[in-house]
Amino acid sequence: MTRTTPRRPRLAPLAALVAQACLAAAPAAAQTTAATPAAEAQALTELRATTLSLIDALVEQGLLTRAKADELLRRARVAAAPSAPVAAQTAPVEGWGAPAAAAPGGVVRVPYLSETTRARIKDEVRNEVLATARDEGWTDGRRLPPWVRSLTVEGDLRVRAQGEFLPADNVAPEIFRAQTDSPAWAPDLTNTQHDRHRMTLRARLGVTAKASDSLSGTVRLATGSTGSSPTSESVTMGNGANRFQVGVDRAFLRWEPSHLVRLEGGRLAVPFEGSDLTWPDDMGLDGVAGRGELDLASGLYSFATAGAFPLEEFGNTTRDKWLLGGQVGVDWAFGDAWHLRAAVGIYQFRNVQGVRESELPPGGVLAGVVPYFASAYPAVLRQKGNTLINLNAPESTAAPVWGLASRFEPVDVSLALTSRHYSPYEASLSLHVVKNTAFDTDDIVRRAGTTEVATLKDKTLGAQARLQFGHPKLAERGQWSAFVAYRHFERDAWVDAYTDTTWHLGGTNYKGFSLGGQYAFDTRATVGLRYTSTRNLDDGVRFLAIPGDPTSISGNMSSAPLKIDVLQLETNLKF
């Protein structure tokens with residue numbers, strides 16, 4: 001919600017109108033005889049009462065403050081004074097600024113206004129006040145409903161054209177989908193060899209209400225289906241005649257008792273520092289988080305963030321899935337134009353690792369009562385890249401139910417150095433590294449119930465470097481920025497459900513680069529172009545695809561060729 005600073009109201013025209021109420025009929029009054037002084041005095045009294053009542057009504061309705069009303073009357077008296085006849089015998093009418101005129105011979109002349117004139121002046125005063133209040137925004141905010149004054153509205157709209165280019169020599173999707181044994185990778189792929197061209201839309205609208213200086217609540221609606229990636233709010237256009245789905249992607253309370261302490265609870269934006277390597281822009285988390293800051297010196301402060309976020313809750317087991325995290329960092333402005341921001345975070349994804357079932361699913365009265373497949377990695381969440389194990393009991397012949405092979409307890413380090421030596425432009429270099437410290441082959445063998453996973457290699461490192469140059473904010477026409485980034489993302493460095501959907505179309509287990517830029521062609525409106533090229537990592541594991549045929553040497557599906565190029569052209573509007 002745009003707030004404007006109240007400007008000084010145009011009191012001079014109003015004062016002139018009030019003065020006119022006293023003096024407009026003075027010439028006519030000069031011709032009035034002494035036979036009607038009582039009637040003329042009564043008329044002036046009525047006019048004074050009517051005008052004062054009008055001003056009081058404007059104050060009561062919040063269209064005029066009491067201070068401005070007093071100023072209005074004072075200026076009316078000043079405006080009327082030069083026009084009033086000067087006579088030693090005159091005296092002002094009580095509560096009014098214009099004195100009655102003393103005619104020669106001691107006869108007092110009292111101005112008289114007809115009903116039509118008084119009505120016209122009343123309408124002119126009212127219309128002038130309303131027009132001034134509307135144009136200059138000087139109405140008394142105390143008269144507005146408190147809930148209106150506490151609201152702030154913001155949103156954005158993005159329309160994107162996207163081309164996805166997949167070479168014909170990529171491994172066919174049916175090869176990935178045919179996997180049934182542990183370990184497995186990317187068993188949900190449906191297209192690896194056909195180019196795709198589409199348009200997408202993202203729309204978001206949020207409202208923040210402040211209950212006090214320290215307490216506020218925010219609700220934001222956004223496009224996106226609950227059956228799509230949890231890290232993207234884009235929807236593909238061209239879905240027949242169906243309307244887009246809209247859901248609540250932010251709904252939280254925030255308490256800030258001081259500028260150094262903040263507590264939040266609900267559906268939050270990710271509260272941790274980093275990059276889209278681990279925290280995509282559209283991602284949200286359910287839970288609670290707290291942040292504290294400490295001033296260390298001039299231009300230097302430290303911060304700490306901690307949070308607990310439920311990922312999946314069950315009604316018949318205590319093995320709910322959670323994300324617990326903590327992070328500390330520093331922010332340092334040094335020299336004439338340098339700025340450094342660094343952070344270290346430690347996270348634990350609890351109970352997300354898969355555990356193979358030892359028996360067939362329970363039936364009869366136990367069906368749905370005894371927890372089963374609680375450790376499954378749901379297809380609606382997973383993207384591709386993580387090592388998976390089949391959770392079906394050994395004697396089961398059902399389709400595979402997949403779970404994560406590794407535990408996940410990542411540690412990440414982020415560093416961003418910004419130079420403002422080229423004002424109004426900024427140059428920034430950021431580095432972000434994440435390492436999953438919980439990968440344990442022996443633990444995976446035990447939970448998978450098979451030695452087929454005993455040769456798994458530790459592929460748990462992710463890293464990204466990004467260089468950016470341009471205006472720090474693209475709010476005004478003519479501003480721009482450009483970037484180039486390189487990424488190496490091993491398969492079990494991070495839970496692939498919570499990854500960016502542009503790089504490699506989501507997931508882990510790839511390397512590649514991205515470059516692009518944005519240009520503001522209007523106020524808070526930008527056009528951007530981005531190209532991203534990635535390909536699967538090869539961990540060097542080879543086997544004979546056809547036993548006994550030495551020419552059929554192939555790699556596991558983690559090393560299968562999968563190259564993806566993505567080109568995006570988009571327009572963004574923020575308000």
Side-chain angles (χ1 to χ4, degrees), residues 183 185 231 270-280 283 285 303-309 311 321-330 340-354 377 382-389 403-417 429-445 447 453 455-466 485-500 503-504 506-514 534 536-541 558-559:
W185 294 273
T231 60
V270 175
F272 303 110
E273 303 285 328
S275 70
D276 61 354
L277 178 70
T278 54
W279 305 121
M283 185 173 175
L285 292 171
F303 58 88
T305 306
F309 312 95
L311 302 177
K321 299 176 183 180
W322 285 78
L323 167 61
L324 308 178
Q327 187 180 63
V328 295
V330 294
L340 176 67
R341 194 172 182 89
V344 177
I346 301 176
Y347 311 98
Q348 182 185 48
F349 289 85
R350 299 190 61 182
N351 299 325
V352 300
Q353 68 275 9
Y377 189 25
R382 64 179 184 248
Q383 298 193 63
K384 57 182 178 294
N386 288 159
T387 305
L388 305 176
I389 57 176
L404 288 167
S406 177
R407 298 176 186 268
F408 285 85
E409 296 180 6
V411 175
D412 77 343
V413 178
S414 60
L415 179 70
L417 179 64
L429 174 64
S430 62
L431 302 173
H432 191 188
V433 178
V434 60
K435 172 70 175 179
N436 179 17
T437 63
F439 186 92
D440 185 336
T441 303
D442 293 337
D443 177 62
I444 295 173
V445 170
R447 288 184 289 101
V453 297
T455 58
L456 280 175
K457 292 186 176 182
D458 184 330
K459 297 292 182 178
T460 55
L461 179 67
Q464 175 175 290
R466 178 185 172 103
Y486 177 80
R487 179 180 291 188
H488 179 97
F489 209 2
E490 294 179 349
R491 61 194 182 202
D492 293 317
W494 190 256
V495 179
D496 65 28
Y498 307 113
T499 56
D500 183 81
W503 289 88
H504 211 53
T508 61
N509 194 41
Y510 62 87
K511 62 180 179 181
F513 68 90
S514 182
T534 57
N536 255 18
L537 295 173
D538 187 343
D539 64 6
V541 176
S558 173
S559 302

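Numbering starts at 1 and runs along the sequence shown. A quick note: this is a predicted structure, and the numbers were derived from the prediction, not measured. Side chains are part of it too, since the values below use all heavy atoms of this structure and drop only hydrogens, waters and symmetry mates.
If you take CZ on R466 and CG on L429, they are separated by 11.0 Å, rounding to the nearest 0.5 Å. Here the OG-CD distance, from S430 to E273, works out to 12.0 Å after rounding to the nearest 0.5 Å. Residue Q383 holds its CD atom at 4.0 Å from OG1 of T499, rounded to the nearest 0.5 Å. The distance from the NZ atom of K457 to the OG1 atom of T441 is 11.5 Å, given to the nearest 0.5 Å. L461 contributes atom CG, which lies 13.5 Å from atom CZ of F439 (distance to the nearest 0.5 angstrom). Residue D538 holds its CG atom at 9.0 Å from NZ of K511, rounded to the nearest 0.5 Å.
Of all heavy-atom pairs between T305 and P271, the closest is CG2-O, 3.8 Å. N536 and S558 make their closest contact through ND2-O, 3.6 Å (heavy atoms, listed as atom of the first residue, atom of the second, distance). Taking each heavy atom of A405 and I444 in turn, the nearest pair found is O-CG1, 3.1 Å. Nearest heavy atom pair, residue A465 against residue L431, reads CB-CD2, 3.6 Å. In terms of heavy-atom proximity, V434 sits nearest to A493 at CG2-O, 4.1 Å.
Remark: the backbone N or O of G345 is paired with a side-chain donor or acceptor of D412 at under 3.5 angstrom. For the pair D492 (side chain) and T387 (backbone), a donor-acceptor distance under 3.5 Å is present.
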Where do F303 and V328 land on the side-chain contact (heavy atoms from CB on, under 4.5 Å) test, with the steps shown first?
-> CA-CA 6 Å; F303 58 88; V328 295; over 6 Å; no
Chi angles and distances behind the side-chain contact (heavy atoms from CB on, under 4.5 Å) call for F489, T534 = CA-CA 10 Å; F489 209 2; T534 57; over 6 Å; no
Kindly determine whether D276 and W503 satisfy side-chain contact (heavy atoms from CB on, under 4.5 Å), including the steps that lead there.
-> CA-CA 10 Å; D276 61 354; W503 289 88; 3.9 Å; yes
Run the numbers on L404 and L388 for side-chain contact (heavy atoms from CB on, under 4.5 Å), then give the verdict.
-> CA-CA 5 Å; L404 288 167; L388 305 176; 4.1 Å; yes
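Looking at L456 and P183, their side chains come closer than 4.5 Å, going by heavy atoms from C-beta outward. In this structure, the side chains of T460 and S406 stay at 4.5 Å or more apart for every pair of heavy atoms. Within the 4.5 Å cutoff, the side chain of P410 has heavy atoms near those of the F349 side chain.
With sequence neighbours left out, the side-chain hydrogen bond (donor to acceptor under 3.5 Å, both in side chains) criterion links N351 to R319. With sequence neighbours left out, the side chain to side chain contact (heavy atoms under 4.5 Å, CB included) criterion links P280 to T231, M283, D500. Applying the ring-ring contact (aromatic ring centres under 6.0 Å, His included) criterion to W322, with sequence neighbours excluded, gives no partner residue. Checked against ring-ring contact (aromatic ring centres under 6.0 Å, His included), F272 has the following partners two or more places apart in sequence or in another chain: W279, Y347. Contacts of K321 classified as salt bridge (Lys or Arg N to Asp or Glu O under 4.0 Å), with partners at least two apart in sequence or in another chain: E312. Considering only residues two or more places apart in sequence or on other chains, S275 meets the side chain to side chain contact (heavy atoms under 4.5 Å, CB included) condition with L277, H432, Q464. For S414, there are no side-chain hydrogen bond (donor to acceptor under 3.5 Å, both in side chains) partners at least two apart in sequence or on another chain. Y377 meets the ring-ring contact (aromatic ring centres under 6.0 Å, His included) test with no other residue; sequence neighbours excluded. Partners of Y498 by side-chain hydrogen bond (donor to acceptor under 3.5 Å, both in side chains), not counting sequence neighbours: none found. In this structure H504 satisfies the ring-ring contact (aromatic ring centres under 6.0 Å, His included) test together with Y510, sequence neighbours excluded.
Legend: salt bridge (Lys or Arg N to Asp or Glu O under 4.0 Å) pairs involving residues 342-353, not counting sequence neighbours: none detected. Listed by first and then second residue, the salt bridge (Lys or Arg N to Asp or Glu O under 4.0 Å) pairs that reach into residues 433-445 are R407-D443, K435-D458, D443-R446, D443-R447, sequence neighbours excluded.
The only member of N509, T508, D539, N386 that meets side-chain hydrogen bond (donor to acceptor under 3.5 Å, both in side chains) when paired with R491 is D539.
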